[in-house]
Structure formats: C-alpha cells, structure tokens
There are 2 protein chains.
Amino acid sequence: MTVARQVSMADVARRAGVSMATASRALNNAAGVAEATRTRVFRAAEELSYVVSPEASSLARGATQRVAVVVPHISRWFFAGLLEGLEAVLRDAGLDLLLYHVGDMEDRREFFDRLPARRKVDAVVVLAFPVDEEEQRRFQLMGVDIVAAGGQHATYPYVCIDDEMAGRQAMGHLVHLGHERIAMIAAVDPDQPVSLQQGRSSAYYSSLHDAGLAVDDDLVVTVNWGGPEGALAMDRLLGLRRPPTAVYAHSDEVALGAMRSLRRAGLSVPGDVSVVGIDDHPVAELVDLTTVRQPVEQQGEIAGEMVVGLLRGEVVQRSVTVPTQLVVRSTTAPPRRAGPRA
Amino acid sequence: MTVARQVSMADVARRAGVSMATASRALNNAAGVAEATRTRVFRAAEELSYVVSPEASSLARGATQRVAVVVPHISRWFFAGLLEGLEAVLRDAGLDLLLYHVGDMEDRREFFDRLPARRKVDAVVVLAFPVDEEEQRRFQLMGVDIVAAGGQHATYPYVCIDDEMAGRQAMGHLVHLGHERIAMIAAVDPDQPVSLQQGRSSAYYSSLHDAGLAVDDDLVVTVNWGGPEGALAMDRLLGLRRPPTAVYAHSDEVALGAMRSLRRAGLSVPGDVSVVGIDDHPVAELVDLTTVRQPVEQQGEIAGEMVVGLLRGEVVQRSVTVPTQLVVRSTTAPPRRAGPRA
DNA sequence: GCTCTTGATGGAAGCGTTTCCGAAGATGTT
DNA sequence: AACATCTTCGGAAACGCTTCCATCAAGAGC
C-alpha cells in the first residue's frame with residue numbers, strides 16, 4: 001500500500017503562484033482574495049487533488065469541526081433513529097460525528113475522565129441521559145457546547161417529546177374505549193441514574209384521576225426496559241385475581257413482550273385485553289400495535305440544528321418539544337362485558 | 001461559559017522541571033526516561049489536569065487515532081448491532097469512531113469526494129457494501145487501512161456470516177418438516193449497487209434441488225428490504241392459484257411483514273403456512289418467529305479487532321466467518337395434509 | 001498631479017506535539 | 001586512570017495550516 005507524499009498547501013500555493021497566506025484564504029473562501037486568484041488556487045488544488053489536513057487546520061484554528069454524540073444504547077431503535085437524524089444534519093453542516101457509547105456508570109466515568117480530552121470536539125450532544133453537576137463542570141471546563149435530546153434537561157438546550165402528553169394520549173384512548181381496569185407496565189433503564197421519562201408514569205395516574213377511576217397498585221408493574229421484561233410483567237399481571245382488561249406499556253418493545261405473554265396464555269388481543277404502547281417502533285406497524293407515535297429522526301435533526309446553531313454562535317431555542325400522535329391499530333378495543341376469562 | 005486557558009505540555013514540563021522533549025516521552029511511556037522523572041512528570045500533569053491536544057499530537061505524529069465507519073443504514077437493527085460491537089472494541093483500544101451514513105449513490109460519491117480527506121482517520125471500516133475499483137484507488141491513495149463487515153469482500157479483510165449456509169439452515173428446516181411448496185421472499189437494498197447476500201437466494205435453489213423439489217418461479221418474489229415490502233410480497237404469494245405452505249424470508253423484518261399479511265388474510269401461522277426468517281432480530285423472540293440467528297455484535301467486535309490489528313501493523317486474517325444457528329420457535333410446523341385453504 | 005482609501009497579497013509568528021540528534025553524566029572495562 | 005558504552009535529557013526542527021500585520025498598487029477625491 002504505497003502512499004504518495006501528501007501534497008501540502010505549500011504545493012498548491014507554489015503551483016498557483018501565490019503565497020500560502022493567499023492560498024489559505026482562497027481555499028477557505030475568506031474575503032479579500034481577487035476572484036481570478038481564487039480560481040487559480042482552486043484549480044491548482046484540484047489538479048493536485050489537494051485536501052487540507054484537518055489536524056493542522058484544527059490546530060491552527062482552534063476548532064475541530066467535530067461533535068461527539070453520547071448514547072446509552074446504540075442499537076436500540078430510538079437511539080439509532082436519533083443518531084440517523086443527527087448525522088444527516090451534522091454532515092450537511094460539514095461536521096464530523098464522533099460516536100461514544102456510554103452504557104453504565106463505569107463507562108460514564110471513563111468517558112468524562114478520558115474523552116472530553118481537550119479539543120477533541122467542539123460540541124457534544126447527549127442522548128437521553130442526565131448530566132450531574134460534576135459532569136457539567138467538566139463540560140464547562142472543556143468549553144464545549146452541549147445539547148441534549150430525548151429527554152429534557154435543566155441546563156442545556158434540548159429537544160424531546162412531551163412524555164406526559166404521550167402517555168395521556170395512550171391512556172385517554174383506553175379510557176375512551178371504556179376500560180376501567182387498566183394496567184401500566186413501566187420501563188426503566190437500570191444503567192441510568194434516573195428515569196428521564198417520568199411523564200409516562202405520571203400520565204397514568206393523572207389520566208386515571210381525570211376519568212374518575214381508582215388506582216390499584218397491583219396494576220402497575222415496573223421492569224427494566226425490554227421485550228422479555230415486558231413479558232414478565234404481563235405474566236405478573238395475569239396472575240392477579242382480577243387481571244386488567246387493558247395494558248398501557250411505556251414502550252412498544254415492552255408492549256410486544258406483553259403481547260407474547262398474552263398469546264402464550266391463550267388470551268386474545270384485543271379480544272381479551274387491549275394493549276397500547278408508545279413510540280411507533282417500525283415493528284408496531286407490522287404487528288398492528290396501537291401506539292403513540294413520536295418522531296424520532298426529527299428529534300435527531302432538531303438536535304443537530306441546535307448544535308450547528310450553537311457552533312455558529314447563534315442563540316438557539318432553549319428547548320423544543322415535538323408533538324406525538326395516537327395511532328390506532330388493532331390491539332385495542334372496548335372491553336368485554338365480562339372481562340377476560342380469569 | 002468561561003474557559004480556562006488550556007494548559008499545554010510546556011506548562012507540565014516547566015512544573016516538573018524538565019524539557020518538553022522529556023515530558024513528551026514520559027507522558028507517552030516512551031523508553032529512555034528515568035523512572036523518577038516519569039513519575040514527576042505524571043504528577044505535574046495530574047496536578048494541572050493536563051491532557052494532550054489530539055490535534056497537535058496527530059499533526060506531529062501523523063496518525064489520528066480515529067477510524068471511520070461507513071454504514072448504509074444507521075437505524076436498521078443489523079447495522080446498529082454491528083456498530084455497537086465495533087464501538088466497544090475500538091473504544092477499548094483508545095480509538096475514536098467517526099460515523100458516516102452513506103445511504104444512496106449520491107452520498108457515496110460525496111463521501112469519497114469529501115470525506116476521506118487526508119488524515120481524518122487511520123482506517124475505515126465499511127459495513128455491508130461493496131467498494132468499486134475507483135473507490136479502492138481512492139482508499140489506497142489516502143493510505144488508510146480498510147476492513148469490511150457484514151459482507152465478503154475481495155480486496156479487504158472482512159468478517160461475515162455464510163449466507164448460503166444460513167439460508168440452507170432455514171430451508172433445510174422447512175424441507176425437513178415436509179413442505180414442498182416453499183416460497184422465498186428475497187430482499188434487496190435499492191440503494192446498493194449489488195446485493196451482498198446472494199447466498200441467501202442461492203441457498204433456496206440449492207436446497208430445493210437437494211431435496212428433489214421443483215422450483216416454481218411464481219414462488220419467488222423479490223422486494224426491497226423492509227417489513228411493509230415483505231407484506232406486499234406475501235400478498236402476491238397469497239394471490240397465487242396454489243399458494244405456498246411455507247415461506248422463507250431473507251430477513252426477520254421481511255418475515256414479520258409476511259406474517260402481517262397472513263394474519264390479515266385470516267390465515268394462521270404456522271397452521272396454514274409456516275414462516276422462517278434470518279437474523280434473529282430481537283423482536284423475533286417476541287413474536288416467536290423461527291429464524292436463523294446470526295451474531296451481530298460479535299461481527300462488529302471482530303471487525304474492530306481486525307482494525308486494531310491492522311493499525312498495530314500486525315497481519316490479520318483475511319476473513320472470518322461467524323457461524324449461524326437455526327432457532328426453532330413457533331412459526332413453523334409440518335404442512336397441513338391439504339395445504340392452506342385457498 | 002497628489003494624497004487617501006481600499007483591496008489584494010506576502011511574511012512570519014504561532015498552534016501543541018513528537019522526534020532526531022547531540023551533550024552529558026554515570027557506569028563499566030582494561 | 002583512560003576510554004568505550006549506556007542511559008537520560010535538552011535543543012530545535014518539523015507537522016500543515018491560519019491569521020495578524022505590513023506592504024503595495026490602483027483607483028477615488030480634491
């Protein structure tokens with residue numbers, strides 16, 4: 001694998017018959033370069049297939065043109081979707097995206113220890129996790145811009161959905177159908193210090209309250225995020241003396257798990273019990289799951305725009321909340337007169 | 001957001017009472033530094049909470065400690081999984097990961113034009129897409145190491161599964177159950193020049209052949225990758241005078257789509273028709289889909305190890321093929337004596 | 001025709017490391 | 001005691017670019 005000697009800006013300048021200063025200005029489309037000169041420089045660069053050394057450029061300029069993205073889970077649909085949106089706008093803006101997976105607390109410590117290495121990036125966007133005070137100080141110290149996505153944040157600009165609202169859309173649907181014994185399967189991320197989606201839970205209680213329905217503590221079960229965990233939760237609910245006629249799951253993945261338990265128990269959905277999720281995960285459409293849609297890529301894009309704005313020194317909105325929307329498919333129906341067979 | 005003046009290596013050197021040369025050597029654990037001196041330098045660095053400037057370091061050293069990962073789809077499970085594995089080993093090796101989404105041909109051109117900007121990365125791993133000759137030359141020109149994952153590659157080291165084998169495992173299962181009219185829903189990526197997963201198709205024909213079964217062209221339908229597309233394909237198959245009693249889908253997502261069509265048509269799975277996929281997507285478990293499992297994260301990890309090896313100048317295996325495994329769940333069963341009701 | 005702007009250009013000083021090379025002590029050999 | 005060898009260390013030249021500042025030429029204004 002032979003590598004031609006890297007052609008440097010000096011080569012371009014020489015070929016174009018100008019000084020390096022001028023070559024640099026021309027190449028960067030900076031002001032104060034005669035049009036003819038600029039063209040000449042560009043041609044020379046073209047001919048030598050020259051491309052600037054980002055290292056040198058960053059070093060001299062003091063900005064890296066890179067932004068770090070910190071995610072707790074890479075392959076979970078929600079995060080992958082955010083990432084996709086984010087990448088698109090960052091790329092359009094000529095920014096490179098450094099990906100960091102920060103799963104558990106250990107990773108987190110390491111990340112804050114090692115990585116925010118000075119000047120590695122100009123900004124970082126943290127996806128769906130809170131940043132404690134000490135960590136905020138670190139960020140501040142390294143002087144990077146921060147934006148958060150997928151969860152609201154006190155200190156930094158953020159984009160997210162209104163979880164409470166999303167939850168109420170799901171619950172409202174169930175209530176509206178006439179359900180009175182509604183269960184909630186709440187999902188939490190074991191590796192995160194706190195849940196960012198409190199709203200999803202509180203929506204349950206407020207909806208019940210608004211509908212004049214009593215809350216039965218047996219009907220809410222909290223599990224770690226994930227399909228199999230959702231199934232476990234459903235098993236528990238099915239073991240109740242009076243099982244629910246409907247279940248509200250914090251996410252589609254959890255809902256899917258619940259449906260599996262239902263299926264294996266020989267119960268029909270929505271005949272015996274209705275199920276509603278949140279997210280509108282691509283598979284929701286494939287299994288005809290009623291859910292509340294949240295625009296995922298769009299959130300990523302907005303976060304991206306915030307970063308770009310910040311980097312340009314513009315003032316950006318402190319927060320934007322994107323709307324969610326109930327999508328009724330076929331896992332929900334009015335309750336049986338006599339509830340599911342117990 | 002006030003930023004303290006960046007402390008440089010000169011500060012550290014001064015504080016430790018040594019020259020920059022020595023400080024640099026000490027910090028890099030290079031040979032030829034007295035133990036006492038090294039300790040002193042480290043302490044000074046610690047006290048000043050010094051961290052090297054990656055830009056300057058790269059510039060001087062000529063290596064970036066960064067690797068680019070090029071993916072055709074970020075949020076598709078398979079790629080996200082690869083990414084997850086890859087990120088983990090790259091991170092352990094102290095390498096940063098630059099993410100590039102190269103969806104269609106347009107992106108691709110842009111990528112090769114702009115991004116391989118000299119020195120942005122030390123290596124690139126391309127996920128599941130072929131690299132044409134011109135593009136190979138570009139790579140060579142920029143002198144980076146390349147590894148491929150999720151598809152075999154003629155020129156670069158790669159890691160992948162044996163698609164033919166995976167397909168045969170799926171088909172073999174169907175044949176073994178006694179099916180004789182087996183359909184195939186082949187999935188292709190419209191944005192990619194060629195399908196990297198030819199083996200999945202050829203397995204169909206060879207399995208049929210081995211079983212002494214005739215091929216009926218009506219039974220194979222090719223669609224773009226995706227659940228909804230799978231559903232369409234199934235609709236077409238159901239329209240046949242003699243529909244299949246089993247379908248082999250190129251992926252779980254496609255299989256899921258097919259199942260939706262089946263369900264909507266009032267057909268039961270596996271009662272009326274059996275369905276088998278490939279991948280063992282997390283939801284496969286939740287819908288009890290029979291499938292062929294491929295270790296996704298592991299492939300990412302292996303690709304990562306290859307990169308790390310290459311960067312260390314070691315010789316790495318030209319290719320590694322990870323094993324797949326049939327996972328029988330409940331979407332497959334022997335055919336009805338009289339085929340599905342038409 | 002002669003200053004005054006204004007616009008285009010070049011010189012050169014950084015940016016923060018790494019690393020080649022030589023200097024100096026320290027150690028070991030006869 | 002003189003000399004060769006090692007080890008440890010400092011000086012200084014890259015690395016490839018950006019940008020401040022000065023210079024210079026050419027129109028503008030009188």
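Order of the sequence lines sets the chain letters (A, B, ...), proteins ahead of strands, with each chain counted from 1.
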S.K.: What's the CG-P distance between A:Asp11 and D:dG16, to the nearest Å?
M.R.: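 Atom CG in A:Asp11 sits about 9 Å away from atom P in D:dG16.
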S.K.: Once salt bridge (charged side-chain N to carboxylate O under 4.0 Å, His left out) is applied, what residue pairs with a partner in residues 26-36 of chain B remain, sequence neighbours excluded?
M.R.: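 Listed by first then second residue: B:Glu35-B:Arg38.
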S.K.: Considering residues at least two apart in sequence or located in another chain, which fulfil the side-chain contact (heavy atoms from CB on, under 4.5 Å) criterion with A:Ser319?
M.R.: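 Per chain and number, A:Ser319 pairs via side-chain contact (heavy atoms from CB on, under 4.5 Å) with A:Tyr158.
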S.K.: Can you give me the bend angle of the helix from C:dG1-D:dC30 to C:dT30-D:dA1? Use the axis through the first five pairs and the one through the last five, nearest 10 degrees.
M.R.: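 Inter-axis angle at the termini of the helix from C:dG1-D:dC30 to C:dT30-D:dA1: 40°.
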S.K.: Once ring pair (Phe, Tyr, Trp, His ring centres under 6.0 Å) is applied, do any residues pair with A:Trp225, and if so which ones, sequence neighbours excluded?
M.R.: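 A:Trp225: no ring pair (Phe, Tyr, Trp, His ring centres under 6.0 Å) contacts found.
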S.K.: Using side-chain contact (heavy atoms from CB on, under 4.5 Å) as the criterion, list what pairs up with A:Ala13, not counting sequence neighbours.
M.R.: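 In terms of side-chain contact (heavy atoms from CB on, under 4.5 Å), with neighbours along the sequence ignored, A:Ala13 is linked to A:Val18, A:Met20, A:Ala23.
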S.K.: Establish, with yes or no, whether the OP1 or OP2 oxygen of C:dT18 is under 4.0 angstrom from a side-chain nitrogen or oxygen of B:Ser57.
M.R.: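 So the side-chain polar atoms of B:Ser57 do come within 4.0 Å of the phosphate oxygens OP1 or OP2 of C:dT18, strictly under.
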S.K.: To the nearest Å, how far apart are A:Gln65 CD and D:dT18 P?
M.R.: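 Taking atom P of D:dT18 as the reference, CD of A:Gln65 is at 10 Å.
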S.K.: For residues 126-133 of chain B, tabulate all N or O donor-acceptor pairs below 3.5 Å that involve a side-chain atom, not counting sequence neighbours.
M.R.:
{"residue": "B:Asp132", "atom": "OD1", "partner": "B:Glu134", "partner atom": "N", "Å": "3.1"}
{"residue": "B:Asp132", "atom": "OD1", "partner": "B:Glu135", "partner atom": "N", "Å": "2.8"}

S.K.: Is a side-chain donor-acceptor pair under 3.5 Å present for A:Asp107 with A:Tyr100?
M.R.: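 Not at all, the side chains of A:Tyr100 and A:Asp107 share no donor-acceptor pair under 3.5 Å.
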S.K.: Between the protein and nucleotides 25-28 of chain C, are there any N/O to N/O pairs under 3.5 Å, and if so, what are the atom names and distances?
M.R.:
none

S.K.: For A:His73, give me all partners under ring pair (Phe, Tyr, Trp, His ring centres under 6.0 Å), at least two apart in sequence or on another chain.
M.R.: A:Phe79
S.K.: Quick one: do B:Arg61 and A:Glu55 make a salt bridge, cutoff under 4.0 Å?
M.R.: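 Result for this pair is no, no salt bridge flagged.
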S.K.: Could you tabulate the donor-acceptor pairs under 3.5 Å formed by side-chain atoms of residues 306-317 of chain A, not counting sequence neighbours?
M.R.:
none

S.K.: Take the protein atom CG of B:Leu27 and the nucleotide atom C1' of C:dT19, then report the distance between them rounded to whole Å.
M.R.: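 Computing the B:Leu27:CG to C:dT19:C1' distance gives 15 Å.
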S.K.: Quick test of your reading: applying salt bridge (charged side-chain N to carboxylate O under 4.0 Å, His left out), list the pairs with at least one residue in residues 15-31 of chain B, sequence neighbours left out, ordered by first then second residue.
M.R.: B:Arg15-B:Glu47
S.K.: Between D:dT18 and A:Ser24, is there an OP1 or OP2 to side-chain N/O distance shorter than 4.0 Å?
M.R.: yes
S.K.: Tell me every residue that passes side-chain contact (heavy atoms from CB on, under 4.5 Å) with B:Glu297, counting only those two or more places apart in sequence or in another chain.
M.R.: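 Residues passing side-chain contact (heavy atoms from CB on, under 4.5 Å) with B:Glu297: B:Glu84, B:Glu301.
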S.K.: Which whole-number value in Å describes the distance from B:Lys120 NZ to D:dG16 C1'?
M.R.: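 My rounded result for the distance is 16 Å.
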S.K.: Output a table of nitrogen or oxygen pairs between the protein and nucleotides 8-15 of chain C separated by less than 3.5 Å.
M.R.:
{"residue": "C:dT9", "atom": "OP1", "partner": "A:Thr37", "partner atom": "OG1", "Å": "2.5"}
{"residue": "C:dT9", "atom": "OP2", "partner": "A:Ala34", "partner atom": "N", "Å": "3.0"}
{"residue": "C:dT9", "atom": "OP2", "partner": "A:Thr37", "partner atom": "OG1", "Å": "3.2"}
{"residue": "C:dG10", "atom": "OP2", "partner": "A:Ser19", "partner atom": "N", "Å": "2.7"}
{"residue": "C:dG10", "atom": "OP2", "partner": "A:Ser19", "partner atom": "OG", "Å": "3.1"}
{"residue": "C:dG10", "atom": "OP2", "partner": "A:Thr22", "partner atom": "OG1", "Å": "2.8"}
{"residue": "C:dG10", "atom": "N7", "partner": "A:Arg25", "partner atom": "NH2", "Å": "3.0"}
{"residue": "C:dG10", "atom": "O6", "partner": "A:Arg25", "partner atom": "NH1", "Å": "3.2"}
{"residue": "C:dC15", "atom": "O2", "partner": "A:Ala60", "partner atom": "N", "Å": "3.4"}

S.K.: What integer distance in Å separates A:Glu55:CD from D:dG16:P?
M.R.: 11 Å
